[in-house]
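Structure record follows, encoded as C-alpha cells.
Worth saying up front: this structure is predicted, and the values here are computed from it rather than measured.
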Protein chains: 2
Amino acid sequence: MNLAQPIYARVKDHILAQIRSGALVAGSRVPSENELVSQFSISRMTANRALRELTADGFLSRVPGVGTFVREATPRTSLIELRNIADEIASRGHHYSSRIEDLREMMATPNLIDDFELRATTPLYHIAIVHEENGMPVQFEDRYVNPFCAPNFLKQDFSHQTPTAYLLSLLPAEELEHNVEAILPDANQQRRLKISSSEPCLSLHRRTWSGGHVVTSATLIYPASRYALYSRTSLGKQTS
Amino acid sequence: MNLAQPIYARVKDHILAQIRSGALVAGSRVPSENELVSQFSISRMTANRALRELTADGFLSRVPGVGTFVREATPRTSLIELRNIADEIASRGHHYSSRIEDLREMMATPNLIDDFELRATTPLYHIAIVHEENGMPVQFEDRYVNPFCAPNFLKQDFSHQTPTAYLLSLLPAEELEHNVEAILPDANQQRRLKISSSEPCLSLHRRTWSGGHVVTSATLIYPASRYALYSRTSLGKQTS
DNA sequence: CTCACTATACTGTATATACAACCTTATACA
DNA sequence: TGTATAAGGTTGTATATACAGTATAGTGAG
C-alpha cells in the first residue's frame with residue numbers, strides 16, 4: 001500500500017496508538033502542538049492538522065489556552081457487533097456448517113475500487129459462502145478482502161474458521177461501516193438460501209478498516225424469517 | 001449565531017448553500033481552489049481547508065488533477081444516533097412535512113405491557129404519523145409513549161416538532177434498543193407509504209430508556225427504495 | 001494516423017510566519 | 001492582603017510559498 005504516509009497521518013497514528021494501548025486514557029493530556037513540533041521535527045501547522053482531525057473524529061477535545069485532551073470513549077456501539085456467526089449458532093446449541101461457493105483472486109471492479117478506497121484496479125480476494133444452522137441456510141456472505149492486509153487469505157480452511165474469525169485474528173477492526181437495506185432476493189439468492197421470491201431479506205453491507213486500510217467489504221444476506229438484527233446500547237453521556 | 005465566523009467556514013457555508021438550493025447538484029463541479037482564491041480573495045490554503053472539510057463531511061469528492069465535485073446525496077439514517085428525521089431531510093435541502101393519522105390515549109395491550117416493562121395495563125399515548133420528504137412518504141412512525149415520562153405529549157403540535165425531537169427535549173436517552181427486520185408491507189402500510197405489495201421495507205423497532213423507565217417504543221417503517229440505515233463507527237479500543 | 005512528449009490545471013502536503021484570543025501563573029503595586 | 005498587570009503557554013486562524021503527484025489537452029515527430 002502507501003508506505004510514504006503523510007506526516008500528519010503518522011502523527012495521528014502515533015497518538016491513536018497510544019490511546020488504543022492505554023498509554024493515554026480518557027482525560028489524559030496529549031502533547032501540545034509545540035511539543036509535537038519538537039518531538040517529530042515538524043511545523044506547527046502539521047501538528048495542528050493532526051490534532052484538529054483527531055478532534056473532528058471524536059477522539060480528542062481541545063480547549064483554547066489550556067490544551068488537548070483524550071475524550072471519553074464514545075458511547076456509540078455498533079448496531080451489529082463483529083460477531084462470529086458460527087459462535088452465535090453454537091451458543092444456541094445448534095450445529096453450524098457452511099458451503100463455500102467461491103474462493104479466488106479477481107481484479108477490482110470500479111465499484112470495488114471505491115469500496116476499498118483504491119486509486120487503480122488491483123487484485124482482490126473473493127469468497128462466497130453460505131452459513132447453515134442445523135442444515136438450514138441462514139446467511140449468505142459475499143466478501144472481498146484486501147490482499148495487502150491478509151495475503152494468505154486464499155490458503156485458509158474456511159470450513160473450520162469463518163472469514164470474519166480469520167480476519168479478526170489477523171487485524172483489529174478499528175472502524176466499521178454498516179449499510180442495511182431490505183431487499184427481495186434474486187434467483188441466485190433464492191437458491192442459496194432456499195427461500196421464495198416473496199420473502200424479504202436484510203442486506204447488511206459492512207466495511208472494516210484497520211491501519212488506515214479497508215481490510216474487507218462484505219455483503220451479508222439474511223432471510224427475514226430466520227434473522228433480525230438487534231442491539232442494545234447504553235449511552236454513558238449525552239453528546240452535545 | 002457567530003457573526004465573526006472564520007473565513008473557511010464562510011466558504012463552506014457558501015458552497016453548502018449552493019448545494020442545498022440546488023444550484024449545485026450531485027456531480028456538479030465546484031470551483032477549484034484557485035477559483036475560490038480569486039472569488040473570495042483568500043489564500044489557497046484557506047480554500048483547501050474549506051473543500052477538504054466538506055469532503056471529510058461527505059458532501060464533496062475530490063480527484064487530483066481533475067477537480068472537486070458534489071457527491072451523490074445518499075439518504076442514510078444513522079443506526080445508532082437518535083436523529084430527527086425532519087432535521088435529516090432539511091439537511092438534504094428538501095422539504096419536510098408530516099401527516100398525523102392518530103394521536104390519542106389508549107390502554108396497554110399485553111404486548112405493550114411487555115414492551116414498557118409494566119406489571120399491569122395502564123394508559124399509554126399513541127401517535128401514528130407519516131413523514132414526507134418533498135411530499136413523498138419516506139417513513140411511517142407508530143409510537144407509544146409512557147405518560148409518566150411525558151404527561152403533556154398529547155397537547156403538543158407535532159406538525160412543527162417531531163415526536164422524537166419533543167421527547168429528546170424532555171429527557172435524555174440513556175439506553176436504546178434496536179431491532180431491525182425486513183418485511184413486506186401490509187395493506188395499510190402500502191396505502192400510507194404509497195408503495196406496492198412487493199416492495200420490501202425496513203422495520204426498525206426502537207425502545208428508549210430514561211431514568212429507569214421505558215419512555216417510548218416506536219416502530220419505524222422505511223420503504224427499501226427510499227431509505228437505508230447507515231452507521232459508521234470508530235472503535236477507540238478493541239472490543240472482544 | 002499514432003505515439004510520445006509537453007504544457008497546464010488541479011489536488012495534496014509541508015513549512016515558516018504572523019496575529020488573535022484565551023487561560024494560567026507569577027509579579028508588582030497599593 | 002488584595003488587586004491589577006504582565007508574561008508565557010496554548011489553541012485558532014490566515015497567508016505566502018514551495019514542491020509533488022495526477023489527469024487531461026494539445027503538440028509535434030515519425
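Two residues, A:S43 and B:V30, neighbour DNA chain C, and the one matched to the more 5' nucleotide by heavy-atom proximity is B:V30.
Residues satisfying the side chain to side chain contact (heavy atoms under 4.5 Å, CB included) test with A:P123, not counting sequence neighbours, are A:E105, A:M107. By the side chain to side chain contact (heavy atoms under 4.5 Å, CB included) test, B:S169 is found to be paired with B:Q161, B:Y166, residues two or more places apart in sequence or in another chain being considered. Looking at residues two or more places apart in sequence or on another chain, you find a side chain to side chain contact (heavy atoms under 4.5 Å, CB included) between B:L171 and B:C149, B:S210, B:V215. Take B:Y96 and apply the ring-ring contact (aromatic ring centres under 6.0 Å, His included) test, not counting sequence neighbours, and it matches B:H131.
Taking 4.0 angstrom as the limit, A:Y8 places a side-chain polar atom (N or O) nearer than this to OP1 or OP2 of C:dT13. Here A:T68 does not reach the OP1 or OP2 of D:dT10: none of its side-chain N or O atoms lies under 4.0 Å away. For A:T46, no side-chain nitrogen or oxygen approaches OP1 or OP2 of C:dT13 to under 4.0 Å. Using a 4.0 Å cut-off, some side-chain N or O of A:S32 falls inside it from OP1 or OP2 of D:dT10. Contact annotation: B:R62 side-chain N/O to C:dG12 OP1/OP2 distance is under 4.0 Å.
Note: CG (B:L36) to C1' (C:dA9) measures 15 Å, nearest angstrom. Taking atom CD1 on B:I7 and atom P on D:dA16, their separation rounds to 11 Å, with Å as the unit. Here the C1' atom of nucleotide C:dA14 and the CZ atom of A:F40 are 15 Å apart, to the nearest Å. Atom P of nucleotide D:dG9 and atom CD of A:E35 are separated by 11 Å, given to the nearest angstrom. Atom CD in A:E33 sits roughly 14 Å away from atom C1' in C:dC22 (whole-Å rounding).
Taking the six-membered ring wherever Trp is involved, the centroid distance between the rings of A:F153 and A:Y144 does not fall below 6.0 Å.
Within residues 47-60 of chain B, the residues having any heavy atom closer than 4.0 Å to DNA chain D are, in order of number, B:R49.
Annotation: ring pair (Phe, Tyr, Trp, His ring centres under 6.0 Å) contacts involving residues 5-51 of chain A, sequence neighbours excluded, comprise A:H14-A:F40. Sorted pairs that involve residues 17-39 of chain A and meet ring pair (Phe, Tyr, Trp, His ring centres under 6.0 Å), not counting sequence neighbours, are lacking altogether.
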Where do N or O atoms of nucleotides 18-23 of chain D meet protein N or O atoms at under 3.5 Å, pair by pair?
from	atom 1	to	atom 2	distance (Å)
D:dA18	N6	B:R44	NH2	3.2

Would you mind writing out the side-chain donor-acceptor pairs for residues 181-189 of chain A within the sub-3.5 Å range, not counting sequence neighbours?
from	atom 1	to	atom 2	distance (Å)
A:D186	OD1	A:N188	N	3.2
A:D186	OD1	A:Q189	N	2.9
A:Q189	OE1	A:D186	N	3.2

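Atom CG of B:L60 sits about 4.5 Å away from atom OG1 of B:T55, to the nearest 0.5 Å.
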